[in-house]
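Heads up, the thing below is written out as structure tokens.
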Protein chains: 2
Amino acid sequence: MDKKYTIKDIAKMAGVSKGTVDRVLHNRGKVSPAALEKINEVLNVIDYEPNLIARNLKNTKIYRICVFLPDPEIDPYWRPCVNGIQEAILEFKAYGVIIETYYFNPESKKSFLKTHETIIAQSPDAVLLAPLFHKETVEIIKQYDELGIMVNTFNNQVESSSIKSFVGQDLHKSGRVAASLMNLILSKGQIAIIHIDESLKNAVHMQEKEKGFRNYFDEKKLSEFSLTTLKLKYSNIETKFSAFIEENPDLSGIFITTSKAYQIASILSSAKNKKIALIGYDLIEKNVNFLNQGLVHFLIHQNQKRQAYLGVSTLVDHFLFRKEIPETILLPIDIINVENASFYS
Amino acid sequence: MDKKYTIKDIAKMAGVSKGTVDRVLHNRGKVSPAALEKINEVLNVIDYEPNLIARNLKNTKIYRICVFLPDPEIDPYWRPCVNGIQEAILEFKAYGVIIETYYFNPESKKSFLKTHETIIAQSPDAVLLAPLFHKETVEIIKQYDELGIMVNTFNNQVESSSIKSFVGQDLHKSGRVAASLMNLILSKGQIAIIHIDESLKNAVHMQEKEKGFRNYFDEKKLSEFSLTTLKLKYSNIETKFSAFIEENPDLSGIFITTSKAYQIASILSSAKNKKIALIGYDLIEKNVNFLNQGLVHFLIHQNQKRQAYLGVSTLVDHFLFRKEIPETILLPIDIINVENASFYS
DNA sequence: ACAAAAAATGTGCTCGAACACACTAAAAAA
DNA sequence: TTTTTTAGTGTGTTCGAGCACATTTTTTGT
């Protein structure tokens with residue numbers, strides 16, 4: 001009853017050879033109607049599942065997957081991705097899957113394209129890609145497509161018909177989540193939406209979050225709040241933000257659309273400023289420190305590690321186990337405060 | 001460089017036969033010091049990883065894992081677990097792993113022990129167990145141990161030296177998480193901690209959550225709050241709770257330690273009561289409905305589905321891939337509000 | 001009716017690890 | 001010296017799917 005049936009079993013039951021069973025199962029070669037019927041009869045009765053282990057054993061092909069992402073040395077946001085990929089490397093090494101990471105400078109389209117060339121030269125079976133530059137991304141995806149290289153994207157969404165899959169988060173919704181939390185902490189006042197980013201290549205990212213954030217307040221008709229947007233660059237954070245605080249004494253909440261909440265928290269802490277509600281992104285160490293100090297109220301966990309891991313593992317599942325690659329995997333928008341933070345790192 | 005080395009490769013390189021390499025790798029049989037050294041030399045240079053696929057192919061053993069949990073028909077709390085197990089069944093069927101579920105009546109120790117007998121009769125390789133009755137659990141675990149059946153537990157923690165592993169959540173911490181959210185919604189007032197449970201077998205569970213909840217308020221010295229505990233049984237919820245509301249007009253928050261928040265929300269909604277902050281557990285449909293209506297503010301996601309899935313998959317990983325079973329897997333305490341709920345189901 | 005072509009079916013090898021078994025050579029016991 | 005033991009090594013088979021190739025059967029053409 002529980003027995004695992006093999007092709008040999010089926011052949012014996014149907015009174016044919018395993019070759020014929022194989023032809024029926026894979027719909028290849030010539031099979032007489034009589035044999036077809038006999039085998040189908042058996043297949044209808046028993047519950048045949050091919051042994052994936054045996055199937056893959058024969059397949060000595062080594063799969064090469066290249067992961068193409070910004071250099072975490074330049075933008076530490078990508079550091080957790082590397083960990084997720086590392087995990088995948090160890091897990092799938094034993095299955096003959098080689099996973100390699102290639103970094104590019106997120107500031108430089110040239111570096112992006114150059115890294116792309118390097119990857120092409122490796123002739124991988126698939127590429128997992130963090131598509132920062134829209135136009136260039138569409139271009140290189142076209143190239144991969146022509147070379148028959150499967151492409152999967154993560155973190156940033158790009159609309160292209162050649163893209164098979166995307167792993168990431170709904171940024172608009174994550175902005176709304178932040179807004180709902182802000183609305184819980186505060187009952188009125190001015191709220192600043194602050195974009196801080198070194199590369200400014202994440203403009204779409206940040207804007208999407210802002211839209212979601214504003215959308216929540218608009219939808220709920222929360223007129224007792226006023227929302228201001230502020231863009232900061234690495235070089236001018238301290239001066240520009242201090243000036244902003246000065247000009248807006250009623251500021252009661254800040255939503256930081258990137259993982260740089262700690263920079264704002266740090267300025268606020270040294271300024272011994274009155275309580276301002278702070279909501280940011282990502283469980284990086286500096287952010288968690290300020291969360292523990294009570295200066296940051298909530299962090300939204302983007303789970304880059306899992307994004308990268310899933311990006312790779314769906315590809316591996318496809319190659320090794322012929323699983324279908326889901327079109328989009330949207331990771332949950334985890335709400336983190338000081339009490340549950342420890343479980344997410 | 002990237003090559004996957006096989007035992008045959010090593011044998012050739014060391015100038016011995018694959019049998020000798022096998023003896024060295026598995027430390028069995030007799031090997032001359034000379035051969036040992038030659039092989040170790042090769043092993044030091046290359047990075048040999050046995051092909052798990054080939055290893056498992058030979059192993060035609062069918063593993064039987066029995067999952068032992070309360071009947072979801074009696075307590076719907078366990079419904080998601082069944083889904084998680086179903087997922088595991090499909091995923092591991094192809095590897096010759098049979099996973100069967102056995103239900104017991106959570107109200108009846110007799111049913112618990114009877115189901116246990118049924119499972120013993122199956123002589124499984126491992127059991128995944130939701131240990132409701134403490135004394136009986138310790139007893140049956142001893143039996144499993146003597147029969148060489150591996151035991152893994154989930155959801156409820158039981159201290160026993162024979163238990164190999166536990167998958168669940170830190171209940172004390174989850175109480176603290178609820179408290180921190182409550183403290184965010186309210187600035188003062190009376191808060192009720194309500195225990196609702198049909199079986200009352202989850203007493204330890206609920207108490208642990210209450211302890212964590214109270215611990216938060218104690219630790220923060222939030223004297224502007226007063227905490228009251230209320231125990232409700234299925235039969236008397238409506239009357240007893242209505243009376244409680246009447247007696248406590250200042251009640252401003254309720255923390256429900258089980259998944260029955262919807263029952264309280266339903267009473268509050270029909271009573272057209274003034275805003276009372278509600279925090280409960282579990283993303284069951286009725287709870288999510290009240291979350292969407294704004295009557296429930298937060299739900300804490302216990303992720304029973306994942307608990308059950310991980311409970312099974314760690315066992316499978318152990319049998320199939322000889323992975324070590326982690327002693328405890330603590331799932332994150334997910335904070336859910338109306339904005340991010342959709343991503344968790 | 002016979003050869004040739006086409007259709008249908010069966011056989012046998014491969015993948016890599018694991019392990020049983022056969023075998024050789026050297027050491028110990030007779 | 002011959003026999004027995006044991007240390008050490010190699011060979012060969014198994015697992016199940018997949019596929020190339022060989023073989024048999026049937027059909028077609030002349």
Side-chain angles (χ1 to χ4, degrees), chain A residues 2-40 42-43 46-63 92-97 319-323, chain B residues 2-40 42-43 46-63 92-97 319-323:
Chain A
D2 292 332
K3 196 181 172 334
K4 282 286 295 172
Y5 291 97
T6 71
I7 286 189
K8 226 162 109 186
D9 293 327
I10 299 171
K12 206 185 295 172
M13 286 189 262
V16 294
S17 76
K18 66 195 184 92
T20 308
V21 176
D22 178 74
R23 276 179 281 269
V24 170
L25 286 172
H26 294 87
N27 218 27
R28 59 168 155 240
K30 313 276 178 169
V31 176
S32 70
L36 181 70
E37 211 208 335
K38 277 189 293 179
I39 293 168
N40 273 333
V42 175
L43 287 176
I46 66 155
D47 179 28
Y48 173 69
E49 287 274 346
N51 184 326
L52 293 183
I53 296 170
R55 170 181 287 171
N56 281 313
L57 177 60
K58 187 64 199 290
N59 197 3
T60 52
K61 174 163 173 47
I62 289 177
Y63 292 100
F92 300 122
K93 188 166 71 169
Y95 294 92
V97 177
F319 287 128
L320 252 46
F321 306 113
R322 306 188 186 184
K323 281 198 191 157
Chain B
D2 292 332
K3 197 179 174 332
K4 282 284 295 174
Y5 291 97
T6 70
I7 285 189
K8 226 163 109 186
D9 293 327
I10 299 172
K12 207 184 294 170
M13 287 189 263
V16 294
S17 76
K18 65 198 180 88
T20 306
V21 175
D22 178 74
R23 276 179 281 268
V24 170
L25 287 173
H26 294 87
N27 216 28
R28 59 168 157 237
K30 313 277 179 170
V31 176
S32 70
L36 181 71
E37 210 208 338
K38 275 190 294 179
I39 293 168
N40 273 332
V42 174
L43 287 176
I46 66 155
D47 179 28
Y48 174 70
E49 286 275 344
N51 185 327
L52 293 184
I53 295 170
R55 168 181 288 172
N56 281 312
L57 177 61
K58 189 64 199 294
N59 196 4
T60 52
K61 172 160 175 49
I62 290 176
Y63 292 99
F92 300 121
K93 187 164 71 170
Y95 294 93
V97 177
F319 288 128
L320 253 47
F321 307 113
R322 307 187 186 187
K323 280 195 191 159

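Quick note on labels: first sequence line is chain A, next is B, and so on, each numbered from 1.
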Given [options], which nucleotide is nearest the side-chain atoms of [X]?
X	options	result
B:K58	D:dT9, C:dA18, D:dG16	C:dA18
B:S32	D:dG8, C:dA18, D:dG10	D:dG8
A:K30	D:dG8, C:dA7, C:dG16	C:dA7
A:R322	D:dG18, C:dT9, D:dG16	D:dG18
A:P50	C:dA18, D:dA17, D:dC15	D:dA17
B:T6	C:dA17, D:dA17, D:dG10	C:dA17

Taking only side-chain nitrogens and oxygens of [X], does any of them come within less than 4.0 Å of OP1 or OP2 of [N]?
X	N	result
B:Y48	C:dG16	no
B:H26	C:dC19	no
A:T20	C:dG10	yes

Could you state the [atom1]-[atom2] distance from [X] to [N], rounded to the nearest angstrom?
X	N	atom1	atom2	value
B:L57	D:dT13	CG	C1'	13 Å
B:N56	D:dC15	CG	P	16 Å
A:Y5	D:dC15	OH	P	17 Å
A:K12	D:dG16	NZ	C1'	14 Å
A:D22	C:dG12	CG	P	17 Å
A:K8	D:dG18	NZ	C1'	15 Å
B:R55	D:dT14	CZ	P	22 Å
A:E49	D:dG16	CD	C1'	14 Å

Item to check | First encountered from the 5' end of DNA chain D, between B:V31 and B:A54 | outcome: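 Whichever sits nearer the 5' end wins; that is B:V31.
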Checklist entry - Are B:K4 and B:D9 ion-paired here, with the side-chain N under 4.0 Å from a carboxylate O? => result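 Salt bridge: no.
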Name the nucleic acid region contacted by [X], choosing base, sugar-phosphate or nothing; use a 4.0 angstrom heavy-atom cut-off, strictly under.
X	value
B:I7	sugar-phosphate
A:R28	sugar-phosphate
B:N51	sugar-phosphate

Atom [atom1] of [X] with >12 non-hydrogen neighbours under 6.0 angstrom:
X	atom1	result
B:K61	NZ	yes
A:E49	CD	yes
B:R28	CZ	yes

Checklist entry - If you take atom types as modelled and just measure distance, does the side chain of A:R23 reach the base of D:dG18 with a donor-acceptor pair under 3.5 Å? => result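 Flag unset: no donor-acceptor pair detected.
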Next on the checklist: I'd like to know if B:K18 reaches the base of D:dG12 with its side chain, counting only an N/O donor and acceptor under 3.5 Å.
Outcome noted: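 Flag set: donor-acceptor pair detected.
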Item to check | Interatomic spacing from CD1 in B:I10 to NZ in B:K8 - rounded to 0.5 Å | outcome: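 Separation between the atoms: 13.0 Å.
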Item to check | Nearest heavy atoms of A:I7 and A:Y48, plus distance in Å | outcome: CG1-OH, 3.3 Å
